[in-house]
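These notes concern the structure reproduced below.
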Amino acid sequence: MKKLIILCSLLALLLGLVPLGAAQGSVETLCLVTDIGRVNDGTFNQFAHEGALDAADEYDLEYKFIETQAETDYDANIQTCIDEGFEIIITVGFLIADSTYAAAEANPDVYFLGVDQFVMGGPTNYVGIQFREDQSGFLAGVLAAQVADSMGADTIAGIYGIDIPPVKKFRNGFEQGARYINADLNLLGVYIDSFIAPDRGASAAMQFIGEGASVIFGAGGPTGTGGILAAAQEGVYVIGVDQDEWVTSFGAGETDGSEYIISSAIKRVDQGVYDMVAAIAEGMMADFPGGGIYLMDVALNGVGLAEKHDAEIDDAFFEVAADVAQMMIAGSVTTGVDPVSGDLMAMDMMDDQAAEMMGIETVCLVTDLGRVNDGTFNQSAHEGAVAAADEYDLEYDFIETQAETDYEANIQTCVDEGYEAIITVGFLIADATYAAAEANPDVYFLGVDQFVADGPSNYVGIQFREDQSGFMTGVLAAYVAEWQGSDTIAGVYGIDIPPVKRFRNGYEQGARYVNPDLTILGVYIDSFIAPDRGGSAALQFIGEGATVLFGGGGPTGTGAILAGAQEGVYVIGVDKDEWLTSFGAGETDGSEFIISSAMKRVDVGVHDMVAMLAEGDTTGFPGGDVFLMDAAMNGVGLAPPHESDIPESVWEKVNALNAVLIAGEIETGVNLITGDLLE
């Protein structure tokens with residue numbers, strides 16, 4: 001910029017457009033007030049000081065700095081510069097912004113430059129020097145994704161401070177850049193509500209490493225630095241922020257783990273300060289955006305990546321990042337991040353109809369209590385979401401709920417991060433989902449196992465014909481009992497809410513369809529988490545002659561079928577394939593006695609709804625209502641028999657009857673809403 005300013009000034013002189021004094025500028029003095037800290041502390045204070053020194057040397061300016069000891073000193077330190085007659089005053093950091101704004105209003109003849117301060121419609125003598133953190137973060141993401149790919153890894157992570165715009169720009173830019181390289185990467189990340197919590201940053205890093213993160217980005221002051229220091233000392237690659245943290249946080253290679261910091265997403269504060277002082281000193285006030293911001297981007301050398309120093313990674317990764325930076329300058333690559341708010345760019349720049357036809361591009365899942373590999377509906381929903389994301393090239397992330405009190409916050413995280421479709425799992429999270437759907441009408445909500453009637457038009461409950469799945473199970477149980485020469489079967493159920501009632505009544509109706517004379521025992525237990533009570537009920541029913549047991553009530557039902565199978569009685573699971581989950585894929589005693597499970601194909605339901613949204617054809621989206629998965633849609637059915645010794649002839653009869661049910665030629669006789677028997 002300096003050369004451009006000089007050339008423009010000389011041209012103006014030659015053309016006689018400005019007098020010599022104006023071209024050279026009339027300022028002679030420059031003062032800097034640090035944020036809390038010193039001018040050699042490796043922070044923005046130091047870089048602002050270095051930029052001011054360069055400009056003072058170039059333009060022969062008198063230069064002074066004041067090092068702030070406490071936030072309460074901001075006003076007084078700025079006033080000292082004013083009282084001593086300095087014509088340009090630089091202040092560092094967003095915390096000093098209010099004091100700078102007030103001083104600029106009170107002193108219109110003094111120029112004020114605020115580093116990392118946002119100014120919009122302010123005094124014309126005040127400029128905020130801002131940075132395209134989204135571009136710097138994007139390049140860090142490009143680098144991280146390549147390093148992860150080279151290691152055969154599929155997960156990277158970020159640890160961030162408070163979610164103010166600069167931090168959001170770093171995070172969203174980082175994630176967008178990583179996806180630019182590998183759209184299938186698993187991206188973990190967390191905002192921490194403090195910039196000075198290195199211990200919390202370190203804890204987050206340890207958690208992400210445990211979840212498979214191979215590269216960790218820290219963007220949150222000492223909080224982020226605590227994260228990358230901890231990770232590097234565990235032998236995980238890290239990326240710093242703002243300044244070259246190999247020099248600062250890793251002591252120029254003297255700190256343990258310094259060989260694992262591969263770069264930093266830097267903001268060239270020195271360049272921004274120099275440019276603005278040069279514009280004033282040269283009298284080029286057309287380049288001084290008074291009352292607004294001077295936005296430092298890749299093209300102005302305002303943001304970029306630090307060198308790798310000790311890290312043993314391929315130089316080619318940096319070459320790719322440099323190519324991407326050039327494409328940013330040319331405008332052929334954009335970050336997709338709002339350069340002011342830090343939010344992901346919405347599609348409202350497009351025609352509404354085109355946006356609708358384009359379909360969603362992002363989807364987020366919030367589990368019920370548990371994880372996405374726990375064998376429950378959490379896992380099935382996750383698998384359906386992953387299948388849809390792969391098929392339609394969607395950005396996908398998930399949040400694993402640790403406590404019921406986290407439901408609302410987890411959903412809000414998905415909302416805040418700009419996801420267009422949010423899946424929540426289980427009936428316990430239904431109220432939080434309903435409230436979020438009402439509050440966010442532009443986001444689609446899919447509630448697994450949630451009942452919706454006349455709800456918000458952007459909210460669909462994915463429900464299942466448990467009565468059909470139960471009916472199929474009853475058909476199987478009756479034929480197995482017949483094969484054994486038995487006349488008694490049983491079921492152990494959880495609380496008698498509609499889905500459980502649909503399972504029970506469907507089961508009993510299916511069994512009686514095969515043999516109206518069967519004795520069918522059954523009990524509701526007023527808890528879903530009482531496996532011991534389920535086991536006791538199973539043993540009682542076995543004592544009464546039951547030869548097949550159906551368990552339809554979460555851990556309570558599972559307790560029943562485990563106890564039954566270990567007594568050598570044939571059992572049937574529920575919801576998912578319990579041979580895989582409850583019987584450890586054949587590793588648990590009694591696994592040879594589980595003959596099937598009455599499955600609800602959550603994965604299919606989630607896939608189908610996400611696919612509809614991704615294709616942009618929402619004419620079939622049952623907003624405010626339920627998407628009812630039945631046997632004809634492969635929404636419910638029976639799990640395979642695995643290692644059980646049930647004869648093929650039994651399965652042939654079961655499959656023949658189920659085909660008739662799927663064709664709609666048999667009705668279960670169960671109310672689809674309440675689960676009660678129909679009159």
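Here the structure is a predicted model, which means the values were calculated and not measured. Below, each value reflects all heavy atoms present in this structure, side chains not excepted, and no hydrogens, waters or symmetry copies.
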Once rounded to the nearest 0.5 Å, what's the spacing between atom CD of Gln379 and atom CZ of Arg371? 12.0 Å
So, for Ser582 and Thr558, which heavy atoms are closest and what is the spacing to 0.1 Å? OG-CG2, 3.2 Å
Holding to side chain to side chain contact (heavy atoms under 4.5 Å, CB included), I want the full list of residues that pass it with Pro647, two or more places apart in sequence or in another chain. Trp483, Ser649, Val650
Interatomic spacing from CG in Leu187 to CZ in Phe208 - rounded to 0.5 Å: 11.0 Å
Heavy-atom pair of closest approach, residues Pro555 and Phe528: CD-O, 2.9 Å
Using only atom types and a distance under 3.5 Å, with no angle test, would you say the side chain of Asp449 pairs donor to acceptor with the backbone of Phe427? no
CZ-OG distance between Phe541 and Ser536, expressed to the nearest 0.5 angstrom: 11.0 Å
Sequence neighbours excluded, which residues qualify as salt bridge (charged side-chain N to carboxylate O under 4.0 Å, His left out) partners of Asp199? none
Approximate separation, where rounding is to 0.5 Å, of Gln176 CD and Leu344 CG: 5.0 Å
How would you list, by chain and number, every residue that makes a side chain to side chain contact (heavy atoms under 4.5 Å, CB included) with Asp193, sequence neighbours excluded? Arg200
Just jot down the side chain to side chain donor-acceptor pair (under 3.5 Å) partners of Thr401, sequence neighbours excluded, or say none. Asn410
Please, which pairs that meet ring-ring contact (aromatic ring centres under 6.0 Å, His included) have at least one residue in residues 653-679, sequence neighbours excluded? none
Non-hydrogen atoms of Ala231 and Ile216 that approach each other most closely: CB-CD1, 3.9 Å
Using modelled atom types and a 3.5 Å cut-off, is there a donor and acceptor pairing between side-chain atoms of Thr376 and backbone atoms of Asn378? yes
With sequence neighbours left out, what residues match Asn658 under side chain to side chain contact (heavy atoms under 4.5 Å, CB included)? Met472, Leu638, Val654
Value rounded to 0.5 Å, distance of CD in Glu420 from OG1 in Thr362: 3.5 Å
Side chain to side chain donor-acceptor pair (under 3.5 Å) pairs touching residues 627-645, sequence neighbours excluded, are Tyr570-Asp645, Asp577-His642, Trp579-Glu643, Ser591-Glu643
Closer than 3.5 angstrom, by distance alone: can the side chain of Gln450 be matched with the main-chain N or O of Gly426 as a donor-acceptor pair? yes
When you compare the side chain of Tyr407 with that of Thr433, does any pair of heavy atoms fall below 4.5 Å? no
Is there a side-chain contact between Trp651 and Ile646 in this structure, where contact means two heavy atoms from C-beta onward sitting under 4.5 Å apart? yes
Got a sec, which residues hit salt bridge (charged side-chain N to carboxylate O under 4.0 Å, His left out) with Glu383, two or more places apart in sequence or on another chain? none
Are the side chain of Glu417 and the backbone of Val415 linked by a donor-acceptor contact shorter than 3.5 Å? no
Is the shortest heavy-atom distance from the side chain of Tyr513 to the side chain of Leu657 under 4.5 Å? yes
Can you tell me how far CD1 of Ile489 sits from CD1 of Ile572, rounded to the nearest 0.5 angstrom? 7.5 Å
Minimum heavy-atom distance Ser469-Gly637, with the two atoms named: OG-O, 3.6 Å
Asp149-Asn182 side chain donor-acceptor pair, cut-off 3.5 Å: yes
Non-hydrogen side-chain atoms of Ile595 and Val480 separated by less than 4.5 Å: yes
If you measure from the Lys or Arg side-chain nitrogens to the Asp or Glu carboxylate oxygens, is any gap between Lys168 and Asp416 under 4.0 Å? no
Take Phe503 and Lys600 through the side-chain contact (heavy atoms from CB on, under 4.5 Å) test and state the conclusion after the steps. CA-CA 11 Å; Phe503 269 129; Lys600 293 158 68 170; 3.6 Å; yes
Between the side chain of Ser596 and the main-chain N/O of Pro641, is any donor-acceptor distance below 3.5 Å? no
Just wondering, do Leu661 and Phe471 contact through their side chains at under 4.5 Å, heavy atoms? yes
If we ignore hydrogens and angles and just use 3.5 Å, is the side chain of Thr668 paired with the main-chain N or O of Val670 as donor and acceptor? yes
Hits for side chain to side chain donor-acceptor pair (under 3.5 Å) against Glu567, two or more places apart or cross-chain, chain-then-number order -> none
Per ring-ring contact (aromatic ring centres under 6.0 Å, His included), Tyr444 is matched among Phe627, Phe621, Tyr459 by Phe621
How about Arg512 and Leu518: do any of their side-chain heavy atoms sit closer than 4.5 Å? no
Please check if the side chain of Thr556 supplies one atom and the backbone of Ile529 the other of a donor-acceptor pair under 3.5 Å. yes
Check: Ile525 main-chain N/O paired with Arg533 side-chain donor or acceptor under 3.5 Å: no
Other residues, nucleotides, ligands: >12 heavy atoms within 6.0 Å of Asn655 CG: yes
Less than 4.5 Å apart, side chain to side chain, heavy atoms only: is that true for Ile399 and Leu365? no
Is the Tyr396-His382 ring centre distance short of 6.0 angstrom? yes
More than 12 heavy atoms of other residues, nucleotides or ligands under 6.0 Å from CD of Glu408: is that the case? no
Give the intermediate values and the outcome of side-chain hydrogen bond (donor to acceptor under 3.5 Å, both in side chains) for residues Glu578 and Ser597. CA-CA 6 Å; Glu578 289 204 66; Ser597 296; 5.2 Å; no
For Glu175, salt bridge (charged side-chain N to carboxylate O under 4.0 Å, His left out) partners two or more places apart: Arg171
Nearest non-hydrogen partners of Met629 and Ile462, listed with the distance: CG-CG2, 4.2 Å
Donor-acceptor pair, Glu395 side chain versus Ala183 backbone, under 3.5 Å? no
So which atom in Val190 and which in Ala204 form the shortest heavy-atom distance, rounded to 0.1 Å? CG1-CB, 4.0 Å
By salt bridge (charged side-chain N to carboxylate O under 4.0 Å, His left out) - contacts of Lys653 (at least two apart): Glu482
Is there a side-chain contact between Tyr392 and Val610 in this structure, where contact means two heavy atoms from C-beta onward sitting under 4.5 Å apart? no
Arg504: which residues meet the side chain to side chain donor-acceptor pair (under 3.5 Å) condition with it, sequence neighbours left out? Glu508
Under 30°, 30 to 60°, or over 60°: which ring-plane class applies to Tyr160 and Phe217, parallel, tilted or perpendicular? perpendicular
Residue pair Gln540 / Glu544, side-chain donor-acceptor N/O under 3.5 Å: yes
How far apart are the C-alpha atoms of Ile423 and Val606, what are their side-chain angles, what is the distance that settles it, and do they pass the side-chain contact (heavy atoms from CB on, under 4.5 Å) test? CA-CA 8 Å; Ile423 305 159; Val606 167; 3.7 Å; yes
Counting N and O atoms only, with roles assigned by atom type, does the side chain of Thr547 sit under 3.5 Å from a partner on the main chain of Val569, one being a donor and the other an acceptor? no
